[in-house]
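Whatever order the structure lists them in is the order used to number ligands and atoms, beginning at 1. Fair warning: this is a prediction, and the values are worked out from it, not measured in the lab. Starting from 1, each residue takes its place in the sequence as its number.
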Amino acid sequence: MSTEKLTSSKSNALSGHIKVPGDKSISHRSLMFGGLAIGETVIHGLLEGEDVLHTAQAMREMGAEITCDDQNVWRCHGVGIGGLREPSTILEMGNSGTSTRLLIGLVGAHNITTQFSGDASLNKRPMNRVIKPLEMMGAKFTSREGGRLPLSVTGPASALPIEYRLPVASAQVKSAVLLAGLSAMGKTTVIEETPTRDHTENMLRAFGLTVDVETLEDGAQAISVEGQKDLIATEIHVPSDPSSAAFPTVTALLHSDSEVKMDNILMNDRRNGIYITLQEMGADIEFVNERIEAGEQVADLIVRGTNMLKGIDVPADRVPSMIDEFPVLAVAASLAEGTTTMTGLAELRVKESDRLLMMYQGLKACGVDLEMGEDSMTIHGNGQPPKGGVEVETALDHRIAMSFMVLGSVSLEPITIDDGAPIRTSFPNFIDLMNGLGTKIGA
Ligand code: S3P
């Protein structure tokens, strides 16, 4: 496959008013639930990134009717709970861990055989975390060593409902078990000790299902669904993705005199950790017009360039609410004055790449003073831009790629990334939006 090098050069202050694409987590779930629900689900603002398009295609292969009109309005006619049909081809998931793990949950409780494969990044990622609970429900798997893709799963004739305590804080695993629970006979419960993003729970409710959440004696939450109940089609307005918005946000903060406005950003309190952290570092981020839309908290953001961010200790219990934002936070910390410590980052090693390692290597090459531990990173900023002037390896990871494009907009010399193509998985118009604000990113 051909790679697409991209270079980002020092830019002036950013200004403008943009619309960041739809939230990736909510977009995947809209198509999956719309593909199951009875009736017509109408989706506005769906993220049309490659990851989400893989979910749409997989749901179609299994019988759901999914279309998109020329106004980018998506419509789904679902197959009904338990109604997915066996796909006649291998489901190609590209780079998308969320599509894969959630769909494994969904098909693992159907009495069909489904095969999944992905790109070089996805084929390295651990699937045991979903295989284990699905086996308890009766699914049978054949996979590469360590539960890696390509894998094949055959669901049982009748899936067993389970109670499952999550061994890792993962919304993908929680969602996989709850999705399998939709077709099991009886109540399926997932217990999570650390709260993770709750879009599956919120959206199942929007599709008419009762989702019970009980706080246990030890403080953990038990989330339960009753299986074999129909989902009822609904209309969904997908808010803009706070994980994508974090890139223009940090870029604007790092250029004094910038002012960038972004409308309708998802501000779910299990997703907004990066914004809280940046504010603690001294960022000027104003939340206006805060409101609830389609069951989710949203706000418009005004970000103004900050003269100087300061280093802070990021609390480990905040990690799940900003799990995808550590690469871009590391960029902000590199320009801050003082030391930033980040702990509890073990999960970063099993994302689209080993994000701890890729950020460590890339920032080091750019001249940043930092240390990496097993699950931690410490960055010693001196308030000055790093030198840059290097080509950085991104290991098929969109967030590593975008983070170094942000850094290139402030480093003394341009930064090149080895491959910008994966950016299309989550933020297809990243280059145009950023350059419209004033960055200089190009081939
Ligand atoms: C996601 C959950 C997170 C996140 C991913 C999207 C989701 O993964 O990193 O980008 O939509 O449920 P984990 O559940 O593995 O932490």
Side-chain angles (χ1 to χ4, degrees), residues 21-33 46-47 49-52 54-55 93-106 118 121-122 124-133 147 164 166-180 190 192-204 223 238-239 241-247 266 268 270-274 296 316-329 344-356 358-359 375 396-403 422-423 425-427:
D23 185 68
K24 183 152 77 71
S25 294
I26 292 182
S27 295
H28 282 300
R29 287 158 175 82
S30 320
L31 291 170
M32 288 180 199
F33 300 164
L46 188 90
L47 165 65
E50 287 170 359
D51 278 11
V52 174
H54 279 111
T55 291
M93 295 290 107
N95 193 262
S96 182
T98 307
S99 313
T100 308
R101 296 209 177 104
L102 269 57
L103 287 173
I104 286 176
L106 204 50
S121 152
L122 186 58
K124 280 191 208 140
R125 299 183 66 185
M127 294 298 150
N128 272 339
R129 52 183 60 200
V130 286
I131 292 178
K132 193 168 162 235
Y164 190 67
L166 295 177
V168 282
S170 166
Q172 291 179 354
V173 180
K174 169 174 67 177
S175 303
V177 177
L178 291 176
L179 293 191
V190 179
E192 66 175 3
E193 288 166 13
T194 316
T196 63
R197 66 189 70 193
D198 53 1
H199 308 305
T200 295
E201 298 91 304
N202 295 342
M203 198 175 283
L204 282 174
I223 303 142
V238 181
D241 194 326
S243 299
S244 298
F247 296 102
L266 175 70
N268 179 310
R270 298 183 184 197
R271 295 288 300 283
N272 62 358
I274 183 69
E296 293 282 5
D317 63 5
R318 194 181 291 159
V319 170
S321 70
M322 52 181 295
I323 187 69
D324 291 333
E325 283 66 76
F326 280 93
V328 77
L329 175 65
L345 305 184
E347 278 294 300
L348 292 198
R349 296 213 180 260
V350 291
K351 293 294 176 189
E352 285 81 333
S353 69
D354 177 343
R355 286 187 174 156
L356 262 187
M358 300 318 291
M359 285 312 294
D375 69 347
L396 290 175
D397 189 324
H398 54 134
R399 299 201 199 278
I400 301 292
M402 289 187 276
S403 297
I423 293 172
T425 61
S426 68
F427 200 160

**Request:** Could I get the full list of ring pair (Phe, Tyr, Trp, His ring centres under 6.0 Å) partners for Phe33, not counting sequence neighbours?
**Result:** Phe207

**Request:** Would you check the N or O atoms of Arg399, main chain and side chain alike, for any that come under 3.5 Å of an N or O of ligand 1?
**Result:** no

**Ala171 N/O under 3.5 Å from ligand 1 N/O** = yes

**Asked** Numbering the atoms of ligand 1 from 1, which are under 4.0 Å from a heavy atom of Ile323?
**Response** 9 (O)

**Asked** Is it true that Glu347 and Arg129 make a salt bridge, defined as a side-chain N closer than 4.0 Å to a carboxylate O?
**Response** yes

**Request:** Could you tell me if any non-hydrogen atom of Arg29 lies under 4.0 Å from any atom of ligand 1?
**Result:** yes

**Prompt:** Which protein non-hydrogen atom lies closest to atom 6 (C) of ligand 1, naming both residue and atom, and how far is it?
**Reply:** Thr98 OG1, 3.4 Å

**Asked** Of Gln172, His54, His28, which is the lone residue that meets side chain to side chain donor-acceptor pair (under 3.5 Å) with Thr98?
**Response** Gln172

**Prompt:** Who are the ring pair (Phe, Tyr, Trp, His ring centres under 6.0 Å) partners of Phe427, not counting sequence neighbours?
**Reply:** Phe430

**Location of contacts on Arg197 toward ligand 1, heavy atoms closer than 4.0 Å** = side chain

**Request:** Could you point out which residue of Leu356, Ile274, Leu348 forms a side-chain contact (heavy atoms from CB on, under 4.5 Å) with Phe326?
**Result:** Leu348

**Prompt:** Do any nitrogen or oxygen atoms of Ser25 lie less than 3.5 angstrom from nitrogen or oxygen atoms of ligand 1?
**Reply:** yes

**Message:** Gln172 versus ligand 1: do any nitrogen or oxygen atoms come within less than 3.5 Å of each other?
**Reply:** yes

**Complete:** NZ of Lys24 to CG of Asp241, rounded to nearest 0.5 Å, is 7.5 Å

**Asked** Looking at ligand 1, does Lys351 have a heavy atom less than 4.0 Å from it?
**Response** yes

**Asked** Given Ser175, which of Arg29, Arg197, Arg101 fulfils the side chain to side chain donor-acceptor pair (under 3.5 Å) condition?
**Response** Arg29

**Complete:** Check: of Asp51, Val350, Asp324, min heavy-atom distance to atom 10 (O) of ligand 1 comes from Asp324

**Prompt:** Which distance, rounded to the nearest 0.5 Å, do you find between the CG of Leu166 and the CD of Glu192?
**Reply:** 6.0 Å

**Asked** For ligand 1, which atoms have a heavy atom of Ser170 less than 4.0 angstrom away?
**Response** 13 (P), 14 (O), 15 (O)

